[in-house]
Amino acid sequence: MLAVGAVHHYLIKIGKRLQASLVVETAQSWSTHHFACLVGYGASAICPYMALETVRHWWSSPLIQNNLSKGKILPMTMENAQKNYRQAVEDGLLKILSKMGISLLSSYRGAQIFEAIGIGEDLLEMGFRGTVSRVGGLSISELSQEVYQFHAKAFPLEAKKLENFGFVNAMKRGEYHLNNPEMTKLLHQAVRSGPVETLHGTSPDGAKAQQQAQQRFDLYELYRQFVENRPATALRDLLDFNSDRNSIPLEEVETVEEIVKRFCTGGMSLGALSPEAHEVLAIAMNRLGGKSNSGEGGEDPARYKIFNDVDEHGISAGRPHLKGLQNGDSASSAIKQVASGRFGVTPEYLMNAQSIEIKVAQGAKPGEGGQLPGKKVSEYIAMLRRSKPGVTLISPPPHHDIYSIEDLAQLIFDLHQINPKATVSVKLVAEVGIGTIAAGVAKANADYIQISGHDGGTGASPLTSIKHAGSPWELGLTEVHRVLMGNKLRDRVRLRVDGGFKSGWDVVMGALMGAEEFGFGTIAMIAEGCIMARICHTNNCPVGVTSQQERLRQRFPGTPGHVVNFFYFVAEEVRHILARLGYRKLVDLIGRSDLLKRRDGVNVAKTQHLNLEVFTQAPVTSDRNWLNHEPIHSNGPVLDDVLLEDAEIATAIQNQGTVTKSLRIVNTDRTVGTRIAGKIASIYGNSGFAGQINLNFTGAAGQSFGAFNLPGMQLTLTGEANDYVGKGMHGGEIIIKPPAAVTYNPSENVIIGNTCLYGATGGTLYAYGKAGERFAVRNSLGKAVIEGAGDHCCEYMTGGVVVVLGKVGRNVGAGQTGGLGYFLDEDGEFPEMINPEIVKIQRVSTPAGEQQLRELIQQHAEHTVSEKAKTILANWSEYLPKFWQVVPPSEKDSPEASVAVVAVAM
């Protein structure tokens, strides 16, 4: 890689780079990241001869030959095996390109879209000029020593096989893993030692109970010492505290109960985790007054109820699979995540949130959407996500509905609209440049910014996504804090950080670097029983933490008390550190980077040239007013507020009656109907409202018209609407039609904007005109009839029915795993517009399909008075052969399957 970069930059320097291609023949490249780096720094072709030779040895081994002869593995020649390896690498490269938003390999070649962690200036100048390296590090002379060490290991030649350094799974003689068997055993011993109600003050059982609690904390102390004395593994391991005060008595420090309110669990979805593991984390955090994070994937509405039937054994009749419950417990996650794919996001889900998190990026997989392997999608998980069992679920990356800070601001506005009491957070990945993005997020009126480090991938991530992705949270947090302070935006948002947190020492480190709240992901799973088998993505977790298999879930050992114990231990450790530093409250340390110094006696094996000034010289001011964040951002008066103040509408909602209203609308009226939907959902849930609210608007609607619409709501707009019509709608009807007196042909004109019906979970949209791009992305149960659309129609659909009575753009059905599309093809061009990777097209040949199509067009004609729909119905035998039906293979040509599977499951 250094050689490629050096030649690449030298040829650029002398003006001859375009006269030659760089071809690399190397034994040092075998993983997708290796190839990505070589191409990214200028290579045109790579011959990984050692990797290909290793494949030949594998194929030639007696074990593989025996398995081939017995038919235990698919028959293949040695050449086929090598081709398979090459294909896997190429697929991996394509995935990396897609994560970065790059279409062509030629655009990736020489682009250098990397950040260096621990590489010094002389190496960068020689081979990687222009690459960001914020902490410096490895020099040319130190690299030469490493090369000598590798070379020395190769001789003498007695070694029979290559050494396994434990890059993925921890090995005894391999590299050190932050999560390792010894640490896991120590933590399990501590959290399972009994309840730790209090470690200070008085307790109901007096001094004896306090003594027992202290004994249990002593067990945690063994875990803490093990973590503290580890080899330098994370950047924060190179730092230590340098207080400017004398120590104070522990009794003067704020209580454990106050500190734990700043703790959260990571965004781990139900599906990635088993129902038991997911609910235990939620119950524990609710007991503490902290926050659990639902992850993307939705929640069972049964979890919104308070437990009040727990018996003396800690078992509830409503949740018999859980142990250690208490009356008053709740399994509802305080933080409800709204990922790009909108999996399971409904009005009721949002109304049961204390905080709503927008996942723009994630620590383990920056640039990707969420991904849940098909084998983990059980019937229960599929029901929650409005999909089908066994189908891999990939949430679209953020660019499908967030093209700019303005789009993000609109989504934040939408969420504040439906649930004004909930805060809204935006999750960003720690990588260089995050500070600029964070400044935009603060201006977009987010209440929290979540900064996630590169540690992650809990429960579902493929191996290629949890390595070489993102940066340490220490770098991301300090950059965000610095930029927000410098732009006088720090008072507008709170900062939350996660990514490998394990102890109170990590918490104080995060506070000094600027964080106000702290997330625990993998370690919280370990506290409830995870043994780090590292097979989460296979659905075979041996202790049922990340498996959906019933027999494995029965082995789940965790209780809410175990998780509560862990967080009490961490908070008590924080108290000890505060006392030692002379501070009474954790808030007094937030942003105090002047209390950090380089840690004494820590030697990093590879380099002695790391520059830690990025941590120790962050902005510190005597003015601490930026920590005052109240009140929560308000959207101000909106049209829905006027509607909710209307006595007739208020009465209709309260008494489940019927009301009809007509009024004007202008394009500054955004997210109209959403606050009403939130009000209804807060009382009746998603489908309990038996009344009917008919709102008739005239004019031009702003963005997100009818977002999160509910059954019992009919919104009719005579005019036009901007982007995001029907975003996340769950029921009811949205009807959009032009004024009756228009002189143009409505079927040939755009009437609604981009990304409409995005993430819909129900309801019907009728639009007498064309839609923009990305119509019905991740639609899972909604129905729609429109008269044309732009590119990417029906992308990532998992259910529902879309009828298009006109032309569409390219890439129809990309990633579509469910639902049906009916497309009128009057000029014979439609087959060229589909994405054939998953979907196929066929004519409407069954009576059920014909009936479904005709009924939807008839309803469209009745609601919108569409001339195009009337013409089609009047000449049905002529038009029916011109319709194509877009069918994912999983539907097995069944037009009813698009709704039946999900409807039955629900």
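Atom CG in Asn696 sits 11.5 Å away from atom CD1 in Ile665 (nearest 0.5 Å). The distance from the CD1 atom of Ile402 to the CD1 atom of Ile412 is 8.5 Å, given to the nearest 0.5 Å. One finds the CD1 atom of Ile451 at 12.5 Å from the CD1 atom of Ile437 (value rounded to the nearest 0.5 Å).
The shortest heavy-atom contact between Val839 and Val812 is CG2-O, 4.2 Å. Contact detail for Val802 and Ala776: the closest heavy-atom pair is CG2-CB, 3.9 Å.
For the pair His863 (side chain) and Gln859 (backbone), a donor-acceptor distance under 3.5 Å is present. The backbone N or O of Ile653 sits less than 3.5 Å from a side-chain atom of Tyr684, completing a donor-acceptor pair. A donor-acceptor contact shorter than 3.5 Å is absent between the side chain of Lys727 and the backbone of Gly759. Between the Asp641 side chain and the Pro637 main chain, no donor and acceptor come within less than 3.5 Å of each other. The backbone N or O of Ser332 lies less than 3.5 Å from a partner atom in the side chain of Asn286, making a donor-acceptor pair. Asn352 places no side-chain N or O within 3.5 Å of a backbone atom of Tyr349 that could act as its donor or acceptor partner. In this structure, the side chain of Glu733 does not engage the main chain of Gln714 through any donor-acceptor pair within 3.5 Å. Put simply, the side chain of Thr674 gets close to the backbone of Ala707: a donor and an acceptor are under 3.5 Å apart. In terms of modelled atom types and a separation under 3.5 Å, the side chain of Asn686 and the main chain of Ala681 share no donor-acceptor contact.
Two residues are said to be in side-chain contact when any heavy atoms from C-beta on lie closer than 4.5 Å; Asn694 and Val659 fail this criterion. Contact annotation: the side chain of Ser780 never approaches that of Met797 to less than 4.5 Å [non-hydrogen atoms, C-beta and beyond]. Residues Arg303 and Ser333 meet the side-chain proximity criterion, which asks for heavy atoms closer than 4.5 Å. In this structure the side chain of Cys794 reaches within 4.5 angstrom of the side chain of Phe823, judged on heavy atoms. Using a 4.5 Å heavy-atom cutoff, the side chains of Thr764 and Val785 are not in contact. Considering only heavy atoms from C-beta on, Leu824 comes within 4.5 Å of Ile872 through its side chain. Gln417 is not listed as a side-chain neighbour of Phe708, based on a closest heavy-atom distance of 4.5 Å or more. Phe343 has its side chain out of reach of Leu372: every pair of non-hydrogen atoms, C-beta onward, lies at least 4.5 Å apart.
Using modelled atom types, one finds no donor on one side chain facing an acceptor on the other under 3.5 Å when comparing Glu296 with Gln337. Gln852 and Tyr822 form a side-chain donor-acceptor contact under 3.5 Å, judged by distance and modelled atom types alone. No donor-acceptor contact under 3.5 angstrom links the side chains of Glu787 and Tyr768, judged on distance only. Asn779 and Tyr796 share no side-chain donor-acceptor pair at under 3.5 Å. Between the side chains of His730 and Thr346, no donor-acceptor pair is found at a separation under 3.5 Å. In summary, the side chains of Arg385 and Ser269 do present a donor paired with an acceptor at a separation below 3.5 Å, with no hydrogens or angles considered. Between Asn445 and Arg492, the side chains place a donor N or O and an acceptor N or O closer than 3.5 Å (distance only, hydrogens not considered). Side-chain contact of Glu867 with Ser747: a donor-acceptor pair under 3.5 Å is absent, judged by distance alone. In the model, Asn754 has no side-chain atom that pairs as donor or acceptor with a side-chain atom of Tyr724 under 3.5 Å.
Under 4.0 Å is where a charged nitrogen must lie from a carboxylate oxygen, and between Asp646 and Lys661 at least one such pair does. Remark: Glu517 engages Lys291 in a salt bridge, criterion side-chain N to carboxylate O under 4.0 Å. The residues Arg494 and Asp447 are annotated as not salt-bridged, no charged nitrogen and carboxylate oxygen being separated by less than 4.0 angstrom.
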task: Please assess Glu348 against Leu710 for the test side-chain contact (heavy atoms from CB on, under 4.5 Å), listing each intermediate value before the final yes or no.
output: CA-CA 10 Å; Glu348 184 179 16; Leu710 273 176; over 6 Å; no
message: Could you go through Asp414 and Ser704, starting from their C-alpha distance and side-chain angles, then the distance that decides it, and tell me whether this counts as side-chain hydrogen bond (donor to acceptor under 3.5 Å, both in side chains)?
response: CA-CA 7 Å; Asp414 296 338; Ser704 300; 2.9 Å; yes
message: Walk me through whether Asp407 and Leu411 qualify under side-chain contact (heavy atoms from CB on, under 4.5 Å).
response: CA-CA 6 Å; Asp407 289 317; Leu411 179 52; over 6 Å; no
message: salt bridge (charged side-chain N to carboxylate O under 4.0 Å, His left out), that's the test. Do Lys336 and Glu299 meet it? Break it down for me.
response: CA-CA 9 Å; Lys336 301 284 195 289; Glu299 273 188 353; 3.4 Å; yes
query: Stepwise, does the side-chain contact (heavy atoms from CB on, under 4.5 Å) test hold for Val360 with Val429?
result: CA-CA 8 Å; Val360 171; Val429 66; over 6 Å; no
Full working for side-chain contact (heavy atoms from CB on, under 4.5 Å) between Val345 and Thr761: CA-CA 8 Å; Val345 176; Thr761 56; over 6 Å; no
task: Output, in order, the C-alpha distance, side-chain angles, deciding distance and verdict of side-chain hydrogen bond (donor to acceptor under 3.5 Å, both in side chains) for Gln410 and Thr671.
output: CA-CA 9 Å; Gln410 178 61 42; Thr671 324; 3.1 Å; yes
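Of the residues listed (Thr755, Asn835, Asn811), the one engaging His792 in a side-chain hydrogen bond (donor to acceptor under 3.5 Å, both in side chains) is Asn811, and it is the only one. Checking each of Asn419, Leu644, Ile418, Leu643 against Arg675 for a side-chain contact (heavy atoms from CB on, under 4.5 Å) leaves exactly one that passes, namely Leu644. With Thr798 as the partner, the side-chain hydrogen bond (donor to acceptor under 3.5 Å, both in side chains) test is satisfied by one option alone out of Arg386, Arg778, Gln816: Arg778.
For Lys868, the NZ atom sits in a packed shell: over 12 heavy atoms of surrounding residues, nucleotides or ligands are nearer than 6.0 Å.
Under the 6.0 Å cut-off for aromatic ring centres, Phe705 and Phe697 qualify, their centroids lying closer than that.
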